[in-house]
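Contents: one structure, followed by commentary.
Chain A is the first sequence line, chain B the second, and so forth, proteins listed ahead of strands; every chain is numbered from 1.
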There are 4 protein chains.
Amino acid sequence: MPSAGAPKFRRRKADRPDEIIAAALEVFVEKGFSAARLEDIAARAGVSKGAVYLYFATKEEIFRAVVEQGFAPNLQTIRNLAEGVPLPPLLRDLTVTISQPLATTKIGGIIKVVIGESRNFPELARAWHDTLVAPALAAMTSAIAAAQARGEIRPGDPRQFAISLISPLLVGVLWKETFVPVGAAALDIRALAKQHVELWLAGVAQPETA
Amino acid sequence: MPSAGAPKFRRRKADRPDEIIAAALEVFVEKGFSAARLEDIAARAGVSKGAVYLYFATKEEIFRAVVEQGFAPNLQTIRNLAEGVPLPPLLRDLTVTISQPLATTKIGGIIKVVIGESRNFPELARAWHDTLVAPALAAMTSAIAAAQARGEIRPGDPRQFAISLISPLLVGVLWKETFVPVGAAALDIRALAKQHVELWLAGVAQPETA
Amino acid sequence: MPSAGAPKFRRRKADRPDEIIAAALEVFVEKGFSAARLEDIAARAGVSKGAVYLYFATKEEIFRAVVEQGFAPNLQTIRNLAEGVPLPPLLRDLTVTISQPLATTKIGGIIKVVIGESRNFPELARAWHDTLVAPALAAMTSAIAAAQARGEIRPGDPRQFAISLISPLLVGVLWKETFVPVGAAALDIRALAKQHVELWLAGVAQPETA
Amino acid sequence: MPSAGAPKFRRRKADRPDEIIAAALEVFVEKGFSAARLEDIAARAGVSKGAVYLYFATKEEIFRAVVEQGFAPNLQTIRNLAEGVPLPPLLRDLTVTISQPLATTKIGGIIKVVIGESRNFPELARAWHDTLVAPALAAMTSAIAAAQARGEIRPGDPRQFAISLISPLLVGVLWKETFVPVGAAALDIRALAKQHVELWLAGVAQPETA
DNA sequence: TATGAATGAGTGTTCATTCAT
DNA sequence: GATGAATGAACACTCATTCAT
């Protein structure tokens, strides 16, 4: 009977943690860590307050799980930054690959929460920095430096070039999380990314020195 | 009277509200609204808990005062965006004017807090958007559109161009508030601004159509 | 059937209640009623939490069972206090009979728990008093009074004499439960009982009136 | 006006801790540590729940204060056990000195609580043992040993003699705390002490060896 | 029977807010 | 005005009890 394949009314125990994390993410993004009520998280996950404590020992642990779970899907993306490839096609490609999840997943909310709680949970901010942000920035920086060495792009601080490149994406997701919910005009992150990459490529191109 | 001679003891009652606001800003930036304790704010302002309530009716009101007080100094800057002026000199100028306070004042902290509490205080996020962010963006957008009309810069969505222009500054400020306190390498916002403006100007320039 | 041959696996269902009571006794003695967790009792009894509820309706009921079960083995001892017998041999005998279980069984723990929870479970304290303590004391008191009537022991309040007689045993048991677990020197209850009975007999003896 | 001597409605801050400790003692004796509700303690002390936390950080800390406060008044009594004095007058004296507070103060309740919570607060049980019980027992033991050396009392384990001596007092206070509240006949501790001391003195006296 | 996931009432603790001084 | 002791509503967390399997 259990093999019949029809999903049972009661969900499997194994699903609960993820359901709770998903619910918690929403609540944390809305309220921040402190103002988030455990009861809200539980309710949104469709379980009782007590059930949450079957899977997480404290509210903090839920928060950590939420933030850490924001890592995994993004780690791979970073490793795709190959150095030997000419930048223009690489970036035009990457733009699509990156702006897609930024526009559609919850990652923006996590970024917002990490920023907001960075002083209350410094280890999490540090983990995000060390595991995601710094490596990603370093990868882009060295890809840019390599392109400079090949003469493809003009001189200048490659780290600052990298920041110039990715900042609008970050601002885009924060805009979406911060101002759109209070009535601001939406931002087409993908269009923004596309136009910005062209701007950036033109901006870092070698001047046509005759 | 306050200007007449050196007052024996500073901290005249008229200064209290501002001292409280300044203290509150620090605490709110560190902890967020919910986790900020009134007692900490009072202590940092050098007054008793009860004294805070002589000037502000609730913790929320202090928060509003903190965020609203972040407006004033920036409103003027925005109005300086003249439309008739060629963009390059204007922006090179503006870069200095803007990145200076971003790098040295508390404005970064306020931005962080506004982002973090945008869902708990939507009116504040809306006020920031409507009063500061949207007008500034609109001003830049129309300045850019005007420049496009004059043929100074190439076609493209002028709002997105504007976002491309200012995003690195915003990211720089958030970086300073979020990752530097947990050990990340500092960012020279002014250098970043300078290099980025050149990148942007080059990136939006008309292609050298012969 | 249970007596036929060696049962393959012990722990037949009929044993469960006693196993639970035994486990509960340990936990109650360690923690007291309130701080005792049903889960601990279940775990120590080697059953699931739910299984406990197949045999007992509430935690209180388990507690009652534990305390009441402390009665049975002791009720008989009390009835052995014959009145017509000369006290010295009777007591020297009793000493061994009584100090044996005091030193080796869990009765000390039960006494401790009954004392500790007497206000939370007054009926239990009352039951202990009415069923065990008062009858025992009364039996001893009248045996002593009878001996006084026979001129074997000197005048004095026979109830107080009875208390003088048994107190060290009680204190010995409580000492074992209270101070030995925190590092105090152990007490040899049997030796104490032996020496104390002689002291008592000498103390209540008729002064050598020539 | 404050000097007028009329006690103000609002009690002095300095009195609160003691009032809370007194209230807590009652509740702890009635319920035990776990079952005692902070709200009950607060109510019985005539303050709000929050006020308790102005003086004690946790419920445990209140408990410790209650138990430790049970030390002080008793420490001095112990030191009065002089060794060179003949035992009979010393003990007849001591009996009054000791049974007085046992009969009238809250010490019995504290003893009961220390016994009941000895496993949950082993440091407290240990502190009681090391600071009060063991020294008192040691003092009596050596006073008895000295008397034995002087030939005043007969041979035998002096520690056991000491236990024989004090046990009825202990049992008396426990009786008062445990069984009297559930309807048992009261015990006149002072009369018990008096008769018991005589019993003990006669019991340990040198047999009239011709 | 037996399990253990789930529930939700209960309680320790915090902290914005009040108010007697 | 200024203080900080006092209040009590709010919330994280626990655990006896239930019940689907």
Starting at atom [atom1] of [X], determine the distance to atom [atom2] of [N], rounded to an integer number of angstrom.
X	N	atom1	atom2	value
D:Tyr55	F:dA5	OH	C1'	6 Å
D:Leu54	E:dC15	CG	P	13 Å
B:Lys49	F:dA6	NZ	P	11 Å
D:Tyr53	E:dG12	OH	P	6 Å

Review point. Just one of C:Val29, C:Leu25, C:Val66 clears the side chain to side chain contact (heavy atoms under 4.5 Å, CB included) bar with C:Lys106, so which one?
Key: C:Leu25
Check your understanding: Can you check side-chain contact (heavy atoms from CB on, under 4.5 Å) on D:Arg64 and D:Phe121, steps first, answer last?
Key -> CA-CA 9 Å; D:Arg64 281 175 222 287; D:Phe121 295 87; 4.0 Å; yes
Determine yes or no for a side-chain-to-main-chain donor-acceptor pair under 3.5 angstrom, with [X] supplying the side chain and [Y] the backbone.
X	Y	result
C:Glu61	C:Ala57	yes
C:Trp128	C:Ile115	no
B:Lys59	B:Phe33	yes

Practice item. Check DNA chain F against residues 22-44 of chain A and give the residues with a non-hydrogen atom under 4.0 Å, in numerical order. Key: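 The stretch gives A:Ala36, A:Arg37, A:Leu38 as the residues lying under 4.0 Å from the strand, ordered by number.
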Point to revise | Contact list for DNA chain F against residues 57-65 of chain C - heavy-atom distance below 4.0 Å | key: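 Correct list: C:Thr58, C:Lys59.
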Practice item. Report the stems of DNA chain F as range-with-range entries sorted by first number; a stem here is at least three consecutive pairs, Watson-Crick or G-U wobble, both distances under 3.5 Å, and write none if there are none. Key: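 Stems found: E:2-21 with F:2-21.
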Check your understanding: Are A:Arg16 and E:dA6 close enough that a side-chain N or O sits under 4.0 Å from OP1 or OP2?
Key ->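 It does, given that an N or O in the side chain of A:Arg16 lies less than 4.0 Å from OP1 or OP2 of E:dA6.
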Practice item. Find out whether A:Ser118 and A:Arg126 are in side-chain contact, i.e. whether some heavy atom of one side chain is under 4.5 Å from a heavy atom of the other. Key: no
Revision key, fill the gap. Taking for B:Ala51 and for A:Ala51 the nucleotide of DNA chain F with the nearest heavy atom, the one nearer the 5' end belongs to B:Ala51
Exercise for review: Inspect the surroundings of NZ in B:Lys31 and state if more than 12 heavy atoms from other residues, nucleotides or ligands are less than 6.0 Å away.
Suggested key: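 Open: at most 12 neighbouring heavy atoms sit under 6.0 Å from NZ of B:Lys31.
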Practice item. Might you work through the side-chain contact (heavy atoms from CB on, under 4.5 Å) test for A:Ile62 and A:Tyr55, ending with a clear yes or no? Key: CA-CA 9 Å; A:Ile62 304 174; A:Tyr55 304 99; over 6 Å; no
Check your understanding: Roughly how far, to the nearest 0.5 Å, is OG of C:Ser48 from OH of C:Tyr53?
Key -> 11.5 Å
Revision key, fill the gap. Salt bridge (charged side-chain N to carboxylate O under 4.0 Å, His left out) test vs A:Arg44 passes for just one of A:Glu19, A:Glu39, A:Glu30, namely A:Glu30
Practice item. Apply side-chain contact (heavy atoms from CB on, under 4.5 Å) to B:Phe28 and B:Ile41, showing your working. Key: CA-CA 9 Å; B:Phe28 285 141; B:Ile41 294 174; 3.9 Å; yes
